[in-house]
Amino acid sequence: MAISFGSEITGDLARGQEREWLITNGLGSYGSGTVAGTRTRAYHGLLMAALRAPADPCERTLLVAALQEALEVGGRSIPLEHPWIVSFALEGTVPTWRYALGDALLEKRLWMQPGAHTTTVFYRLLQASQPLRLSLTALVNSRSHHGGIPRPEISLQAVSHGVRLVPQGTVAPPFVVLSDRGATTLASPGEWCGGFALPAEEERGLPSRDDHLRACRITALLSAEAPTLTVVASTEREPPLDGERALQGRRVHDAALLARWQQAHPGLAKEAPPWVEQLVLAADQFVVARTTPPEGRPEEGQGREGRSILAGYPWFGDWGRDTMISLPGLTLVTGRAAIAAQILRTYGRFISQGMVPNCFPEGRETLGEGDYNTVDATLWYVEALRLYHQATGDGALIRELFPRLQEIVEAHCQGTRHGIRRDPADGLLRAGEEGLQLTWMDAKVNGEVITPRIGKPVEVNALWCCALRTMVPFAELCGKPSEGYRDLAAAAERGFQRFWNAAAGWCFDVLDQPDGSHDGALRPNQLLAVALTDGLLSAEQARQVVGVCGQHLLTPVGLRSLDPRHPGYQGHYGGSPLERDRAYHQGTVWGWWLGPYALAHGRVHGDPQGALHLLEAVGHHLVTAGVGSISEIFDGEAPHWPRGCIAQAWSVAEVLRAWVALRGMGQAVAEAAP
């Protein structure tokens, strides 16, 4: 299985730069770049290492930026750049290029070793009428992956097979650039190369120049007798230099991911189109190790093994909301329930005042009050537990975490941070304070919250109703009284009818705003009242919600965050950080909403096959931005150009979850037919 394209893309610099590759190691480290071979972002490099992993998978440091490649052909030194790239393929998770120069055909693959801060670059000469000399110049650094030009002092030390680099005055440990053969020549100390352009950063209104230190030059003769060369960039003491064996290890890892998926869905997996299998592989890139101190308190000693989910590459960390929305699709659907349990335990240790944290802060092991600025992450946590139990039947984990769930409901009823409290008048949950963004629509510009949504947001209350319903069987499973939860759920369900805006034919987005009004803007949030459960809306109301969202919000790659007819609608996402944040939830298309919409469509129309067709455009998207993955967001207007992160956890997760659920629904319909 491979995504591939030829020189019509790879030979065109603009098209090649639009498409980006991603490699990961399960610890938070990654590598990324363009299919054209150029670096257009601060986040592009061969080794972005999460040096504090597994305690912190989010704080990444650029160590090795690039290998400047040249091939000596006919007495000339020719840079291996985009004009010579004749094909690109993503073989599972391994980016692969082929270069053609005359009768010479050279292949390059690169990947990360799972569980190690090691990137391997493997060259193989496939065809040539004479031996060729390959020359590689390693450019290194020791700066945050977010960018900046600090020019830290890095000393160079010759070692067997290459060079050892020792950053001075930074948190980065020594790292190496090694090759399995050939000659390595160290560069002169302090030989910085300046002024590398980063056009993607310039487009985003951010600093757009980069400097790197020239570390060494590796040269090797490639011939029919010795056709391969392996180069590794690593923080490990003795990284493997056998490229063939390392590549096989990576392929075994990918094959195991697909095998788990196939075992979990033996019937469905056989019918899955190639793009679905590609998403199964992409799902693994977001799951990372994260150790936590016992009960979240560092003073208690050795950290516990845990897991988390990075929200998106290249710049997001692990966020409570994104993690819980993504968990079912990335772990349960892919047959890795044990990892789901680890993630749920990890976040359970950090529940405070009945709240799951919004994020684990980059570079800090402890959480502060400001890290709990979310109203919905906690409710998504309960939903993730429900889906975990539904998939596994594991009552032990529910019994283990039930005291946390009791704490959540009690805190939300009595009141917790940021004005989050159940309203006894209608049983609904209200939340919000001036200057805070608590829902998933969390853009903030110079202290101004773009979509404050203070009051009773519709998706928060759909989740609240689902959480209270879930507590009834969970309490019974744990031998605890359930009537109180049943009464709370019934009251919230009755109150939920307040969201119905009969004049418009859809739900209010927010009830009881500070001025007493209701927000009637058409947004996708109300779809959760249909996609998650039955009974919050009548059958006719549910059909109307799906219909109006389909008519005005649906695009082939996701749902607009605001109705184009709304005066605040912005159909293009771009420009400076301020301009982008103002458009973020004001019309920008979000890929993750395609999953809930397709599920809601299949539910209300009883047509799972028709709903599956809504997901098919994703297969084409996998070759347009982050190759093999789904972008975070898209322009609201056609052609819905991909924006934001090139690979987003909940985009992948929700499309994958919806595909499996709809295929299962379709099978059930077929089996029930006479």
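All residue numbers in this chain count up from 1 along the given sequence.
Between Trp593 and the choices Thr555, Leu528, Leu554, Leu553, the side-chain contact (heavy atoms from CB on, under 4.5 Å) rule is met once, by Leu528. A salt bridge (Lys or Arg N to Asp or Glu O under 4.0 Å) with Glu91 holds for exactly one of Arg250, Arg251, Lys108, Arg98; it is Arg251. Each of His212, Gln17, His44 was checked for a side chain to side chain donor-acceptor pair (under 3.5 Å) with Arg39, and the lone residue meeting it is His212.
Counting heavy-atom neighbours within 6.0 Å of Trp97 CH2, excluding the residue itself, gives a total above 12. Counting non-hydrogen atoms of neighbouring residues, nucleotides and ligands closer than 6.0 angstrom, the CZ atom of Arg15 reaches no more than 12 such neighbours. Annotation: Glu616, atom CD; neighbour count of heavy atoms from other residues, nucleotides and ligands within 6.0 Å is above 12. For His613, the NE2 atom is densely surrounded, since the number of other residues' heavy atoms within 6.0 Å is greater than 12.
For the atom pair Met665 CE and Leu599 CG, the distance stands at 6.0 Å (nearest 0.5 Å).
Within the structure, side chain to side chain donor-acceptor pair (under 3.5 Å) pairs that include any residue of residues 324-335 do not occur (at least two apart or interchain). Sorted by first and then second residue, the salt bridge (Lys or Arg N to Asp or Glu O under 4.0 Å) pairs with a member in residues 621-638 read Asp635-Arg643; sequence neighbours excluded. Here salt bridge (Lys or Arg N to Asp or Glu O under 4.0 Å) pairs that include residues 27-36, with residues two or more places apart or in two chains, number zero.
Looking at heavy atoms from C-beta onward, Leu463 lies in side-chain contact with Leu532 at the 4.5 angstrom threshold. Proximity of Phe316 to Cys359: side-chain heavy atoms (C-beta onward) are nowhere separated by under 4.5 Å. Side-chain atoms of Ser87 and Thr10, non-hydrogen and from C-beta on, never get closer than 4.5 Å to each other. Side-chain contact between Asn25 and His117 is present, with at least one heavy-atom pair separated by less than 4.5 Å. Taking the side chain as every heavy atom from C-beta outward, Leu310 and Cys58 approach each other to under 4.5 Å. At a threshold of 4.5 Å between non-hydrogen side-chain atoms, the residues Lys444 and Asp581 do not count as touching. You'll find the side chain of Leu559 stays beyond 4.5 Å of the side chain of Val589, heavy atoms only.
Residues Arg204 and Glu202 are not paired through a salt bridge, judged by the lack of any N-O separation under 4.0 Å between the basic side chain and the carboxylate. Between Arg453 and Asp519 no salt bridge is recorded (no basic side-chain N to carboxylate O distance below 4.0 Å). Salt bridge annotation for Arg523-Glu459: absent, with no cationic side-chain nitrogen under 4.0 angstrom from a carboxylate oxygen. Ion pairing between a basic and an acidic side chain is recognised when a charged N comes within 4.0 Å of a carboxylate O; Arg657 and Glu654 show such pairing.
Under the 3.5 Å distance criterion, the side-chain polar atoms of Glu20 are left unmatched by any main-chain donor or acceptor of Ala625. Checking side-chain atoms of Arg560 against main-chain N and O of Gly636 turns up a donor-acceptor pair under 3.5 Å. Under a 3.5 Å cut-off, the side chain of Asp322 and the backbone N or O of Ile309 do not form any donor-acceptor pair. Judged by distance alone, with hydrogens and angles left aside, the side-chain atoms of Asp371 form no donor-acceptor pair with the main-chain N or O of Asn358 at under 3.5 Å. In terms of modelled atom types and a separation under 3.5 Å, the side chain of His265 and the main chain of Val333 share a donor-acceptor contact. A donor-acceptor distance shorter than 3.5 angstrom exists from the side chain of Arg603 to the backbone of Val530, with no hydrogens or angles considered.
Aromatic pair Tyr43/Trp315: ring centres closer than 6.0 Å. Between Tyr597 and Trp592, the ring center distance fails the sub-6.0 Å criterion. No close placement of the Trp111 and Trp21 rings is indicated, their centers lying 6.0 Å or farther apart. Aromatic pair Trp84/Tyr99: ring centres not closer than 6.0 Å. Less than 6.0 angstrom separates the ring centroid of His145 from the ring centroid of Tyr30. His621 and Trp275 have their aromatic ring centers separated by at least 6.0 angstrom.
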Kindly determine whether Phe634 and His640 satisfy ring-ring contact (aromatic ring centres under 6.0 Å, His included), including the steps that lead there.
CA-CA 5 Å; Phe634 305 79; His640 309 297; 8.0 Å; no
In sequence, state the C-alpha distance, the side-chain angles, and the governing distance for Asp318 and Thr323, and then conclude on side chain to side chain donor-acceptor pair (under 3.5 Å).
CA-CA 7 Å; Asp318 45 347; Thr323 294; 5.9 Å; no
Checking Asn525 against Trp440 for the side chain to side chain donor-acceptor pair (under 3.5 Å) test, could you report, in this order, the C-alpha distance in whole Å, the side-chain angles of both residues, the deciding distance, and whether it holds?
CA-CA 10 Å; Asn525 303 308; Trp440 80 276; 2.6 Å; yes
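With hydrogens and angles left out, the side-chain atoms of Asp284 and His253 include a donor and acceptor closer than 3.5 Å. Side-chain N/O atoms of Glu69 and Tyr123 include a donor and acceptor closer than 3.5 Å.
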